[in-house]
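Positions are given from 1, in the same order as the sequence printed here. Quick caveat: nothing in here was measured; it's all calculated off a predicted structure.
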Amino acid sequence: MSEAPLSGRTAVVTGGAEGIGAAIAERLKRDGAAVVIADVQQERGEAAARAMGAAFVRLDVTREEDWDALLAAHPRFHILVNNAGINNGPAPFEELSFARWRNTLGVNLDGAFLGCRAGVRAMAPMGGGVIVNIGSAAGERAVGEMAAYTASKAGVHALTRAVALYCGKRGYNIRCSAVLPGSIETPMVARLRAESGDAPAARARIAERHPIGFVGDGADIAAMVAFLVSDDARFITGALMNVDGGLTI
Ligand SMILES: NC(=O)c1ccc[n+]([C@@H]2O[C@H](COP(=O)([O-])OP(=O)(O)OC[C@H]3O[C@@H](n4cnc5c(N)ncnc54)[C@H](O)[C@@H]3O)[C@@H](O)[C@H]2O)c1
């Protein structure tokens with residue numbers, strides 16, 4: 001039997017307690033990595049980690065001290081997936097509060113920055129690694145009612161390219177790319193749908209917006225992450241990979 005593609009590597013997945021992050025953690029574990037789930041939700045995160053044979057650390061991606069603690073507990077990891085993110089739902093732009101703007105930018109963009117920086121700090125002395133950021137189709141194709149979310153994800157995409165370029169020029173052997181999902185069935189999307197009133201109708205509307213005709217699931221995103229972190233993707237860095245059923249065509 002051939003060796004699992006990620007055997008001997010450690011992967012940290014933020015926001016891995018549920019949704020897309022849990023699917024990514026599961027997939028990387030299946031591909032042979034030792035997985036650390038890092039999430040702000042302690043109980044759910046511990047349960048998810050236990051179920052798949054992963055480790056858990058409590059981490060709020062917006063807190064520098066939490067990243068320092070993660071680096072102290074797990075100084076060597078080869079793979080980092082900055083997946084944790086929030087979507088506070090639609091709001092008329094005139095009524096978008098500064099607090100809500102900052103909250104969204106804080107988790108999605110500050111969190112990705114602190115994550116990338118921790119990843120580079122850990123991986124450069126080890127001779128390399130791979131960082132994958134989870135962006136969004138909404139960061140490419142703006143959603144007018146979600147200005148904060150759209151701007152935060154466009155920021156994640158730009159950050160991804162800057163980190164890729166920086167690490168390449170420094171000869172760090174660290175690749176950094178992003179996966180840009182379309183609608184994926186997760187607790188986040190279920191919440192947004194429930195808030196919009198008629199959940200089944202909202203689901204049909206969301207599916208229709210995707211040329212492929214359906215909403216994806218976490219495994220679809222996990223498959224792209226598994227490819228990007230594998231040696232098959234050794235020539236890929238700074239890439240923004242659409243996994244969106246054609247939404248951004
Ligand atoms: N679901 C979609 O349709 C979709 C589409 C495009 C992009 N995305 C992106 O994919 C990622 C995962 O989304 P999801 O749908 O699985 O969301 P989700 O709400 O279902 O799960 C998010 C996870 O992140 C964790 N998290 C939230 N804030 C955190 C923080 N400050 N620190 C640490 N962990 C935190 C949560 O506890 C949860 O476990 C997000 O970055 C999201 O923006 C999702």
- Apply side chain to side chain contact (heavy atoms under 4.5 Å, CB included) to I206 and R203, showing your working. CA-CA 5 Å; I206 294 171; R203 188 186 170 125; 5.7 Å; no
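- Shortest non-hydrogen contact noted between G115 and L80 is O-CD2, 3.1 Å.
- When the side chains of ILVMFWY residues are joined at heavy-atom separations under 4.5 Å, either directly or via intervening members, M241 and V156 end up in two distinct hydrophobic clusters.
- Looking at T150, its side chain never comes within 3.5 Å of a backbone N or O of A147 through a donor-acceptor pair.
- In this structure, R63 CZ and D68 CG are separated by 11.0 Å, a value rounded to the nearest 0.5 Å.
- Both V179 and L6 are assigned to one and the same hydrophobic cluster, defined by single-linkage of ILVMFWY side chains at heavy-atom distances under 4.5 Å.
- In summary, of the residues considered (L192, V107, N103), a side-chain contact (heavy atoms from CB on, under 4.5 Å) with N88 occurs for N103 alone.
- Hydrophobic clustering of Ile, Leu, Val, Met, Phe, Trp and Tyr side chains at less than 4.5 Å, counting indirect connections, unites V229 with I24.
- For R58, the CZ atom counts as densely surrounded, since its 6.0 Å shell holds more than 12 non-hydrogen atoms of other residues, nucleotides or ligands.
- A distance-only check finds a donor-acceptor pair linking the side chain of T14 to the backbone of N83 [under 3.5 Å].
- Between the side chain of T248 and the main chain of A137, no donor-acceptor pair closer than 3.5 Å is present.
- One distance of note links CG of D220 with CD of E185; it measures 12.0 Å at 0.5 Å rounding.
- Between A202 and R193, the shortest heavy-atom contact is CB-CG, 3.4 Å.
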- Task: Using the side chain to side chain contact (heavy atoms under 4.5 Å, CB included) rule, take L247 and R141 through it: C-alpha gap first, then chi angles, then the decisive distance, then the call.
- Result: CA-CA 9 Å; L247 182 64; R141 189 179 187 262; 3.9 Å; yes
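- Proximity of a side-chain donor or acceptor of T237 to a complementary backbone N or O of C176 within less than 3.5 Å is detected.
- V61 places a side-chain heavy atom less than 4.5 Å from the side chain of W67.
- With R100 contributing its side chain and A148 its backbone, the two residues share no donor-acceptor pair below 3.5 Å.
- Remark: side-chain polar atoms of D60 are paired, donor with acceptor, to backbone N or O of T62 under 3.5 angstrom.
- A salt bridge is defined here as a Lys NZ or Arg NE, NH1 or NH2 lying under 4.0 Å from an Asp or Glu carboxylate O, and R117 with E64 meets this definition.
- Using a 4.5 Å heavy-atom threshold, the side chains of P181 and V243 count as separate.
- Between the side chain of H210 and the main chain of S183, a donor-acceptor pair closer than 3.5 Å is present.
- Minimum heavy-atom separation, R161 to G238: CG-O, 3.7 Å.
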- Run the side chain to side chain contact (heavy atoms under 4.5 Å, CB included) check on Y149 and V143 step by step: do they pass? CA-CA 8 Å; Y149 186 74; V143 181; over 6 Å; no
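- Atom CG in L59 sits 10.0 Å away from atom CD in E65 (nearest 0.5 Å).
- We find that R9 and D31 are not joined by a salt bridge, their nearest charged nitrogen and carboxylate oxygen being 4.0 Å or further apart.
- Remark: H74 NE2 to T10 OG1 distance equals 8.5 Å, nearest 0.5 Å.
- K153 places a side-chain N or O within donor-acceptor distance of the main-chain N or O of I134, the cut-off being under 3.5 Å.
- Under the 4.5 Å side-chain heavy-atom criterion for ILVMFWY residues, a single connected hydrophobic cluster contains both I131 and V36.
- Taking every heavy atom of both residues into account, A223 and R27 meet most closely at CA-NH1, 3.7 Å.
- Nearest heavy-atom pair, A122 versus L71, reported as atom, atom and distance to 0.1 Å: CB-CD2, 3.8 Å.
- For the atom pair CG of N108 and CG of N133, the computed distance is 11.0 Å after rounding to the nearest 0.5 Å.
- With D39 contributing its side chain and A17 its backbone, the two residues share a donor-acceptor pair below 3.5 Å.
- R175 places a side-chain N or O within donor-acceptor distance of the main-chain N or O of A233, the cut-off being under 3.5 Å.
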Please set out all donor-acceptor pairs under 3.5 angstrom arising from side-chain atoms of residues 43-52, sequence neighbours excluded.
residue: R44; atom: NE; partner: Q41; partner atom: OE1; Å: 3.1
residue: E46; atom: OE2; partner: Q42; partner atom: NE2; Å: 2.9

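- Between the CD1 atom in I221 and the CG atom in D244 there is a gap of 8.5 Å [rounded to 0.5 Å].
- A pairwise comparison of heavy atoms in A23 and G218 identifies CB-C, 3.5 Å as the closest pair.
- Note: the hydrophobic cluster containing M224 does not contain L240 (ILVMFWY, side chain heavy atoms under 4.5 Å, direct or indirect links).
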